[in-house]
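The model shown is predicted, which means the values in this text are computed figures rather than measured ones.
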Amino acid sequence: MTPFDPAISHLAIARDILLTPFGLDEAKLSKVLGTMFTHKVDYADLYFQFTRNEGWSLEEGIVKTGSFSIDQGVGVRAVSGDKTAFSYSDEISEQALFDAAKATRTIGRQGAGKIQVASSLQGLDNRSLYLRDDPLHSMDANQKVQLLERLEKIARAKDPRIVQVMASMAGEYDVVLVARSDGVMAADIRPLVRVSLTVIAEQNGRREMGNSGGGGRYDYSYFTDALLEQYADEAVKSALVNLEARPAPAGPMTVVLGPGWPGVLLHEAIGHGLEGDFNRKGSSTFSGRIGQRVAAKGVTVVDDGTMLNRRGSLNMDDEGNSTQCTTLIEDGILKGYMQDTMNARLMKMPVTGNARRESFAHLPMPRMTNTYMLAGDKDPEEILASVKNGLYAVNFGGGQVDITNGKFVFSASEAYMIENGKISYPVKGATLIGNGPEVLNHVSMIGNDLRLDSGIGVCGKEGQSLPVGVGQPSLRIEGLTVGGTA
């Protein structure tokens with residue numbers, strides 16, 4: 001049996017990779033889950049994973065590094081109330097499972113609780129939002145090297161001021177299988193690819209950098225020559241614009257955010273505050289505010305794990321629940337939070353399919369998938385024309401946020417001053433400083449140009465990194481504090 005036959009289910013493929021070679025079957029998994037219920041436990045699950053990934057990087061015209069790794073293992077979890085016991089093993093065997101299960105009993109008192117483990121596991125086959133072929137096999141090593149060399153050549157040819165080019169590509173093939181104490185058994189096959197490009201331009205002794213890239217749940221054939229040309233255009237343009245950039249002024253001003261990747265500000269400043277665990281514990285600025293106005297009219301924010309081929313999409317979350325499109329804020333009113341099973345149960349709210357974990361060695365928690373703001377009705381040109389003096393932030397570098405109060409700091413990697421409704425000159429060193437919930441209330445115009453990022457997002461939370469998507473239309477925001485260098 002191979003992973004390339006479309007007639008074979010996700011679950012059959014996952015069984016062949018994660019159970020059968022180790023002498024495991026549904027009956028043995030049910031027995032392991034049952035041993036945890038000799039103590040008072042509400043829920044238990046087993047999370048099996050096989051991951052194959054690679055990375056290639058080019059610098060100074062030479063592919064200097066290449067990496068390849070295979071990881072596999074199983075995480076065993078038991079939940080009792082708000083307590084979680086977790087153990088994992090990179091050995092998949094019946095004995096390892098029983099040893100890990102034994103370690104999880106520490107949270108429950110001796111004596112079986114009211115909840116009983118299901119007598120058998122019932123397989124669920126999920127939707128198919130993306131191909132399940134192994135992307136690492138979609139090109140041979142020579143083709144991967146040639147792709148990076150081609151990208152470098154395209155970028156250098158754009159302008160003689162480009163003095164350095166760094167390009168990289170990465171691919172991952174991830175097979176997961178979840179067996180739960182309520183009798184559900186589900187699996188997913190997850191491909192992921194990414195190409196990144198960084199260029200450095202030099203003029204009169206001044207050096208500036210530009211970045212671009214993208215990807216998603218595809219194989220490497222996604223990266224056509226036309227797409228590589230686009231990445232080169234974007235990176236080179238950004239570097240050359242910054243060569244001409246003047247120091248950014250500081251102070252409160254009207255800010256226009258461009259569409260697409262600037263949605264990373266939304267992700268950090270608002271998204272994390274809408275995750276269930278922070279709200280259950282009362283540490284989020286959005287805690288206890290469902291039904292209240294938290295944003296200006298017209299602001300609607302969703303988290304959607306069901307988008308075809310997107311970097312943040314999943315057929316199922318890491319607890320085996322189907323992902324969905326969850327409306328978080330609708331027309332400025334807070335509607336709900338992103339939930340995993342435990343936080344949803346404790347908050348008496350619906351599960352939203354947002355349980356995610358970095359690997360079998362990590363605990364799941366509520367996390368974003370593809371988080372974006374819906375489009376409004378304003379032409380982006382109209383938005384710019386409405387601003388007498390302000391900042392137009394097209395692209396962002398890094399940022400950080402304090403979940404408890406929503407305060408954030410973001411650095412703009414490409415930005416321009418707006419004068420009398422027109423883009424005037426590029427600026428460097430602009431940082432946006434504000435409070436997420438306050439900023440949402442100061443949105444005064446929403447563009448009709450919703451765009452999602454190109455497929456590069458990585459989100460960190462409690463030491464776990466995961467692929468995510470962001471997006472938004474152009475936005476006009478009043479009175480945002482800009483930290484500058486002028």
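- The pair Arg357-Asp318 does not count as a salt bridge, with every side-chain nitrogen at least 4.0 angstrom from each carboxylate oxygen.
- The two atoms that bring Met417 and Met253 nearest to each other are CE-SD, 4.4 Å, heavy atoms only.
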Pair up each side-chain donor or acceptor in residues 242-249 with any protein partner under 3.5 Å, not counting sequence neighbours, and list the distances.
residue: Asn242; atom: ND2; partner: Ser238; partner atom: O; Å: 3.2
residue: Asn242; atom: ND2; partner: Ser413; partner atom: O; Å: 3.1
residue: Glu244; atom: OE2; partner: Gln203; partner atom: NE2; Å: 3.3

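- No side-chain N or O of Asp71 forms a donor-acceptor pair with one of Thr51 less than 3.5 Å apart.
- Between atom CG of residue Asp453 and atom CZ of residue Arg311 there is a gap of 8.5 Å, rounded to the nearest 0.5 Å.
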### Message
Quick one, Phe360 with Tyr47, criterion ring pair (Phe, Tyr, Trp, His ring centres under 6.0 Å). Give me CA distance, side-chain angles, the key distance, then yes/no.
### Response
CA-CA 6 Å; Phe360 67 87; Tyr47 181 88; 8.1 Å; no
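- Evaluation of the side-chain hydrogen bond (donor to acceptor under 3.5 Å, both in side chains) rule for Ser168 yields no partner, not counting sequence neighbours.
- Using modelled atom types, no side-chain atom of Gln472 and backbone atom of Pro259 make a donor-acceptor pair closer than 3.5 Å.
- Salt-bridge formation is detected for the pair Glu478/Arg476: a Lys NZ or Arg NE/NH1/NH2 atom is positioned less than 4.0 Å from an Asp or Glu carboxylate oxygen.
- Side chains of Met316 and Asn321 form no contact here, defined as non-hydrogen atoms less than 4.5 Å apart.
- A salt bridge is defined here as a Lys NZ or Arg NE, NH1 or NH2 lying under 4.0 Å from an Asp or Glu carboxylate O, and Lys158 with Glu234 fails to meet this definition.
- Using a distance-only test at 3.5 Å, with no hydrogens or angles considered, no donor-acceptor pair links the side chain of Asp133 to the main chain of Pro135.
- With rounding to the nearest 0.5 angstrom, the CE atom of Met373 is 10.0 Å from the CG atom of Leu450.
- Enclosure of atom NZ in Lys64 by more than 12 non-hydrogen atoms of other residues, nucleotides or ligands within 6.0 angstrom is indicated.
- At least one donor-acceptor pair closer than 3.5 Å links the side chain of Glu319 to the backbone N or O of Thr341.
- Residues Ala141 and Trp56 come closest through the heavy atom pair CB-CH2, 3.8 Å.
- At a threshold of 4.0 Å, the pair Lys407-Asp402 does not count as salt-bridged, since none of the basic side-chain nitrogens sits closer than that to a carboxylate oxygen.
- Taken to the nearest 0.5 Å, the CD atom of Gln143 stands 12.5 Å off from the CG atom of Leu148.
- Annotation: cation-pi geometry satisfied between Lys461 and Phe278 (NZ/CZ under 6.0 angstrom from ring centroid, within 45° of ring axis).
- A distance-only check finds no donor-acceptor pair linking the side chain of Lys388 to the backbone of Ile418 [under 3.5 Å].
- Distance CG/Leu58 to CE/Met166: 10.0 Å, rounded to 0.5 Å.
- Here CZ of Arg127 is found 6.5 Å from CG of Asn315. Values are rounded to the nearest 0.5 Å.
- Surrounding OH of Tyr218 are more than 12 heavy atoms belonging to other residues, nucleotides or ligands, all under 6.0 Å away.
- Proximity of a side-chain donor or acceptor of Arg310 to a complementary backbone N or O of Arg217 within less than 3.5 Å is not detected.
- Separating the OG1 atom in Thr371 from the CG atom in Asp304 is a distance of 9.5 Å, to the nearest 0.5 Å.
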